[in-house]
Amino acid sequence: MSVNSKRVFYVKYLANPIYIDILEARPDVRLDRIENESPEDFYAPILSAAHVYQIGAARDELAPHFHVDAAFLSRTPNLLLVSSNGAGFDPVDVEACTAAGVLVVNQSGGNAHSVAEHALAMMLTLSKRIIQSDRRLRRERDVNRNELVGNEVEHKTIGIIGLGNVGRRIAALCKGLLGMKVLAYDPYLTAEVMAERGGEKVELDELLRRADFVSISCPLDKRSRNMISTREFALMQPHAYFITTARGFIHDEDALLQALRDKRIAGAGLDVWSKEPPPPEHPLLQLDNVLASPHTAGVTIEARQNMGRIAAEQVLETLDGKRPPRIINPEVWPRYAERFKQAFGVTPG
């Protein structure tokens, strides 16, 4: 294979510089960087020649014209692979990629420990009312601690929606560390698999009715969009907390705000938003029983390095003709294989 014959590009940022180090060790791979503000005469030739697009997972950090949709794909005739920096792939129209014969992969599991720890931290902070205590101390004198009585989480019930890489880690922490009961809703897994991952399989409504904590850990797709709205919040117990480290748009922010104002639930821990980061005047940020972070659950030194490494390794495996381990649209493989053979003269598998 000739030097720089395999073309990879990214826009603005990567999970970690280790990605560059790994790809630059390969003389047959060329890596290009584009900025959100790059002029078209600079980026158009890169798009036209590219085989791989290493794309950011956060939709609001990427200029709209670099989101992958049908219009974008019309400008990338040689594109074979779209690889998300993270587990999510919000800026990618997977159906459009499948129609174009483009494989989509993510880095699922690479930041599972970090996200699970963040969810656990939110649960403990809310149940112990640490956030309210902190705010009261900063604003008032002679704070009455008896007005800040919290709850232990031991023997409580957590309901986990999505028992994948993150959800199963949350289950392990809650069950093993805190002795909690774990309910889980995941329509893609059998009861046997969910039991192996530490959760009792239940339907969504039952989970919402029984859980003291509801934690969202599923991907955003057509099925999960607005899955938690007014009806679902009404099913939760008044003392229950809602926690999400998954993706914005899975829960309805207006419905959550109303549920909190009406005291239908006790509070919320929110790491993901419909607009990221949310503006300071966002109404949910005005409530003392809301614990907030700007989609940083998976943003740790360890997770970023791991995500950068596995992203680079997966891209190189794919360019070497192997089947990558984290495919989002496996149904595209026959068409993708034909296009790969046209590009490089070998059939992947």
Open item on the list: Under a 4.0 Å threshold between the charged nitrogen and the carboxylate oxygen, would Arg7 count as salt-bridged to Asp32?
Closed with: yes
Open item on the list: Whether the side chain of Ser38 engages the backbone of Ile34 through a donor-acceptor N/O pair (distance < 3.5 Å, no angle test) should be reported.
Closed with: no
Open item on the list: Check this for me, if you would: do Lys201 and Glu192 make a salt bridge, where the nitrogen-to-carboxylate-oxygen distance has to be below 4.0 angstrom?
Closed with: no
Task: No-hydrogen, no-angle side-chain donor-acceptor test under 3.5 Å, Gln54 and Asn85 - done: yes
- [ ] Report the distance from atom CD1 of Ile265 to atom CG of Leu260, rounding to the nearest 0.5 Å.
- [x] 4.5 Å
- [ ] Could you pull out the closest heavy-atom pair between Cys97 and Val68, with the gap in Å?
- [x] SG-CG1, 3.5 Å
Task: Under 3.5 Å donor-acceptor, Asn165 side chain and Ala112 backbone - done: no
Task: Residues Lys322, Asp320: salt bridge by 4.0 Å N-O rule - done: no
- [ ] For atom CD of Gln258, decide whether the heavy atoms of other residues, nucleotides or ligands shown that lie under 6.0 angstrom number more than 12.
- [x] yes
Open item on the list: Assess, by modelled atom type and distance only, whether the side chains of Asp252 and Ser229 contain a donor and an acceptor separated by less than 3.5 Å.
Closed with: yes
Open item on the list: Less than 4.0 angstrom from a charged side-chain N to a carboxylate O is my criterion; do Glu317 and Arg326 meet it?
Closed with: no
Task: Residues Glu253 and His282: side-chain donor-acceptor under 3.5 angstrom - done: yes
Open item on the list: Within the 3.5 Å criterion, strictly below it, is a donor on Asn329 or Thr98 matched to an acceptor on the partner's side chain?
Closed with: yes
Task: Side-chain donor-acceptor pair present, Ser83, Gln107, cut-off under 3.5 Å - done: yes
Task: Lys NZ or Arg CZ of Arg225 over Phe249 ring: under 6.0 Å, within 45° - done: yes
Open item on the list: What verdict does the side chain to side chain donor-acceptor pair (under 3.5 Å) test give for Thr245 and Asp271, after you've listed the backbone C-alpha separation in whole Å, the side-chain angles of each residue and the deciding distance to 0.1 Å?
Closed with: CA-CA 5 Å; Thr245 53; Asp271 183 56; over 6 Å; no
Task: Flag side-chain contact, heavy atom, 4.5 Å: Leu291 against Leu270 - done: no
Open item on the list: How about CD on Glu152, more than 12 heavy atoms from neighbouring residues, nucleotides or ligands closer than 6.0 Å, or not?
Closed with: no
- [ ] Evaluate the criterion side chain to side chain contact (heavy atoms under 4.5 Å, CB included) for residue pair Val214 and Leu207; output intermediate values, then yes/no.
- [x] CA-CA 8 Å; Val214 173; Leu207 181 150; 4.2 Å; yes
Open item on the list: If you count every heavy atom of other residues, nucleotides or ligands that lies below 6.0 Å from Glu35 atom CD, does the total exceed 12?
Closed with: yes
Open item on the list: Can you tell me which residue among Phe66, Phe9, Phe72 is in a ring pair (Phe, Tyr, Trp, His ring centres under 6.0 Å) with Tyr43?
Closed with: Phe66
- [ ] May I ask you to establish whether Lys6 and Phe344 are in a cation-pi arrangement, using a distance under 6.0 Å from NZ or CZ to the six-membered ring centre and at most 45° from the ring axis?
- [x] yes
TODO: Begin with the C-alpha distance, continue with both residues' side-chain angles, and end with the deciding distance and a verdict on salt bridge (Lys or Arg N to Asp or Glu O under 4.0 Å) for Asp134 and Arg138.
DONE: CA-CA 6 Å; Asp134 179 85; Arg138 294 172 189 274; 2.7 Å; yes
- [ ] Give the minimum heavy-atom separation between Ala100 and Leu73, together with the two atoms involved.
- [x] CB-CD1, 4.1 Å
TODO: Determine whether the side chains of Tyr185 and Glu206 contain a donor N or O and an acceptor N or O closer than 3.5 Å.
DONE: no
- [ ] Hey, could you give me the CZ/CG distance between Arg209 and Leu235, rounded to the nearest 0.5 Å?
- [x] 5.0 Å
Open item on the list: Determine whether the aromatic ring centres of residues Phe233 and Phe242 are separated by less than 6.0 angstrom.
Closed with: yes
Task: Of Ile243, Asn111, Thr296, the residue whose pairing with His118 passes side-chain contact (heavy atoms from CB on, under 4.5 Å) - done: Thr296
- [ ] Inspect the contact between Arg139 and Asp288 and indicate whether a charged nitrogen and a carboxylate oxygen are less than 4.0 angstrom apart.
- [x] yes
Open item on the list: So Val94 and Val82, do their side chains get closer than 4.5 Å, heavy atoms only?
Closed with: no
Task: Close side-chain approach of Met123 and Cys174, heavy atoms under 4.5 Å - done: yes
- [ ] Kindly say whether Ser48 contributes a backbone atom to a donor-acceptor pair with the side chain of Asn78 at under 3.5 angstrom?
- [x] yes
- [ ] Could you tell me whether Lys156 and Glu154 have a side-chain N and a carboxylate O separated by less than 4.0 Å?
- [x] no
- [ ] For Leu183 and Lys181, run side chain to side chain contact (heavy atoms under 4.5 Å, CB included): C-alpha distance rounded to whole Å, both residues' side-chain angles, the deciding distance at 0.1 Å, then the answer.
- [x] CA-CA 7 Å; Leu183 304 178; Lys181 181 176 181 60; 4.0 Å; yes
TODO: Run the salt-bridge test on Asp221 and Arg223 with the 4.0 Å N-O cut-off and return the result as yes or no.
DONE: no
Open item on the list: Do Arg59 and His67 pair up side chain to side chain, a donor and an acceptor below 3.5 Å, judged on atom types alone?
Closed with: no
Open item on the list: Treating Asn106 as the side-chain partner and Ala87 as the backbone partner, does any N or O pair qualify as donor plus acceptor under 3.5 Å?
Closed with: yes
